Amino acid sequence: MMKWLKANWFYLAVLAAALVLPLFITNRYYSQVITMSLLFAIGALSLNLIMGFTGQASLAHGGFFAIGAYGVAILTYTLGWNFWLALPASALLAGAVGFVVGLPALRTRGSYFAITTLCLGEIIYLIAGNWMELTGGHNGIVGIPVPSPIMIPGMGQLNFESQIPQYYLVLFFLLATLFVLYRLTKSLRGLTFLATAINEDLAEAVGINTFRTKLLSFVVANFFAGLAGGIYASLIGSISPSVASVAMTFNFLMYVLLGGITTLAGPIIGAFLIPVLLEYLQFLQDYQMILFGFLLIIVIIYFPTGFMGLYKKVSDKMKKSKVGAKRAAER
Amino acid sequence: MELFLQQVFNGIMLGSTYAIVALGLTMVFGILHVPNFAHGQMYMLGAYVCFFLITMFGFSYWPALAVSAVALALGGVILEVLVFKPVRNAGGITPFIAALGALIILENAVVVLWGPAGHRIPNPYPGIIDAFGITMSTQRLLVIGVAFLLIVLLQIFIKKTTLGSTIEAVAQNKEGATLVGINVNLVSAMTFAISTGLAAIAACLVAPIFMISPSMGSLVGMKAFVIVILGGLGSIPGAIVGGIILGLIEAIGGGYLSAAYKDVFGFGALVLILAIRPTGLFGKEIKGR
């Protein structure tokens, strides 16, 4: 137990900080920014599963986020379903669409897959903007209800009208996502994902069904993208086709890459740091995106593993110098 | 029947501009293996250069087109040296991401400098020709004519000149090309220059017909990728045929089925074709890419 605590104290500290954070953030605006960061972290984590751990750059991620968002919007607002039914239904829908679309798309590789999924994302965007009866066209859907209250035995009713419960709601789903992805990537199946990412032909040669592996990863990733989208629609209250836009996918991509691809912490750090950074860069306004473009190029050239890679490099160096110092002292 | 012919004409016009844009992309993507995702933005820049030359500096149409092509050819070299050269040996999607960075910079820089609104280049050839019951504006005929001229010139350059054949040599075998004394860096730069120069010409040709705006490049860039994959990586005939096919799919699909969904037909065709042939229509097996 002590050993476990010692090994994981840092993560526990982060968790504790996340749990008490709402007590310190009183500004409504910042609170909203942070809740959204957590929400986008779910989307970034799921993109990382397919792009990082499985090596397939899916650029339809915004599209699947949008399927979840439109799913919840239509089911709760138009059809009057309960949120807690609509959310899993929408996430499952995103996963199912991922399955159907993945069957042809995953036959392609590398850049081909990236472009195929980019086109799929664009198709979803165009449908969202043009299917008036279902999606409300370019005006989108306004007035989506917040998540329905839930009964907690012994504590009474918990409703999600205010920001603090919304924060914990998102935090809960982020932790759940993290838990599933942690178990998945650390399992034997997770290793087959990595094997497929590193060398698909070799993985196939040692008996891994790479197609099925990629498909599973794609479906799980899209399920969580849909989940994040569903929560987003309900918390924001209105959606438009822009949730399906390439810009949304690029945001997720940026969080994953700048945070650190193929790590579990990286996408969360990215999803957290970048919006905060943007808040500080508000004064740059129009130049913000240009700066981001430069940042993206510099990071991909000089720090291809993002923030987590940089962190690992520094900590490795520190460990080495510590070991060196110890050895010198022993002599 | 007349409607059909009209749509075919429009499709060929659209398709021939797609073909020129895709030609440039298939050269850098198929030959240098650089997925230049910012290709559409170079196309957009070409249109802007042309626009400013005409409206602010009083250039007439053809000189503006030529200057724009040269400017963008230089821009392509700069892009290659600053963005793609450092990631040339990095595998996977790294070059793709670098290109994405370039795309974001270019598109937003244009928004910041000249605003998000659209502009129109005055039409140099407003005349209209009626033939076989279809209406053809002179500018549209010109687009088709110049596109075919460019395609022929490019073919002659690559197949018949020493300089041009170095591009093919690098495409076939980089090490071998280096061994026989071909400067791979120079060939890369030249290929990029041709590629973005062609994109600029295509943009200048259609600019009098459509509006120009900062976002005009992203969809065209995406379509160019679709065409390149349809036609097979690095295949010049593939890019031409693919461009015309996509133009026809859009024009006929848009004319008969639904104008709002015309892009869905094009992208849907790509997904369908890749589902049947994962390496494209004329593509060869690709490895580890």
Side-chain angles (χ1 to χ4, degrees), chain A residues 51 55-57 59 101 103-127 129-132 137 197-202 246-247 249-250 253-254 256-257 261 285-302 304, chain B residues 29 33 35 37-38 82-83 85-87 90-109 111-113 218-219 222-223 225-226 228-229 233 258-280 283 286-289:
Chain A
M51 190 170 82
Q56 312 297 316
L59 297 182
V101 158
L103 282 176
L106 284 165
R107 281 163 51 92
T108 61
R109 288 183 178 193
S111 301
Y112 277 52
F113 179 72
I115 291 153
T116 310
T117 47
L118 189 71
C119 289
L120 286 169
E122 191 66 21
I123 291 175
I124 296 174
Y125 173 71
L126 287 167
I127 292 175
N130 288 304
W131 195 348
M132 289 300 291
I198 292 165
N199 190 332
E200 204 170 324
D201 294 324
L202 192 60
V246 189
T249 305
F250 286 179
L253 198 68
M254 207 120 68
V256 172
L257 285 168
I261 194 167
Q285 293 230 358
D286 305 335
Y287 297 93
Q288 217 170 270
M289 285 309 285
I290 302 180
L291 200 73
F292 250 7
F294 281 110
L295 199 61
L296 203 57
I297 294 178
I298 291 167
V299 165
I300 203 74
I301 293 176
Y302 296 104
Chain B
F29 191 20
H33 302 300
F37 210 59
L82 289 187
V83 178
K85 210 167 164 191
V87 292
I93 53 165
T94 303
F96 204 86
I97 305 297
L100 215 60
L103 177 159
I104 294 171
I105 295 171
L106 292 174
E107 195 160 322
N108 287 287
V111 172
V112 168
L113 288 173
S218 53
L219 210 55
M222 209 188 290
K223 282 174 187 168
F225 268 103
V226 169
V228 167
I229 290 181
L233 273 186
S258 154
Y261 285 107
K262 74 176 168 56
D263 293 330
V264 173
F265 304 134
F267 294 139
L270 170 86
V271 175
L272 259 178
I273 287 171
L274 284 183
I276 300 160
R277 279 189 58 95
T279 51
I286 41 163
K287 286 175 243 111
R289 192 168 289 284

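Proteins get letters first, then strands, A, B, ... in listed order; numbering begins at 1 in each. Keep in mind that this is a model prediction, so the values were computed, not measured.
Note on A:Y287, A:F294, A:Y125: by heavy-atom pairs under 4.5 Å with chain B, the leading option is A:F294. The residue among B:N108, B:I105, B:I104 with the most heavy atom pairs within less than 4.5 Å of chain A is B:I105. Of all the listed residues (B:S218, B:A99, B:A98, B:G268), the one sharing the greatest number of non-hydrogen pairs under 4.5 Å with chain A is B:A98.
Atom CG in B:L113 sits 7.0 Å away from atom CD1 in A:I290 (nearest 0.5 Å).
Side-chain contact between A:E122 and B:L219: present, with at least one pair of heavy atoms (C-beta onward) separated by less than 4.5 Å. In this structure, B:F267 and A:L120 have side chains that are not in contact, with every pair of non-hydrogen atoms separated by 4.5 Å or more.
Annotation for A:I123 and B:V264: closest pair CG2-CG1, 4.0 Å, computed over non-hydrogen atoms. When all heavy atoms of A:F250 and B:L103 are compared, the pair lying nearest together is CE1-CD2, 4.3 Å. Heavy atoms only, all atoms of each residue included: A:I297 and B:A102 are closest at CD1-N, 3.6 Å. Residues B:L82 and A:I301 share a closest heavy-atom pair of O-CD1, 4.2 Å.
When heavy atoms are compared at a cutoff of 4.5 Å, A:I198 does not approach chain B at all. In this structure, chain B has heavy atoms under 4.5 Å from both the backbone and the side chain of A:L126. With a 4.5 angstrom heavy-atom cutoff, A:L253 touches chain B only via side-chain atoms.
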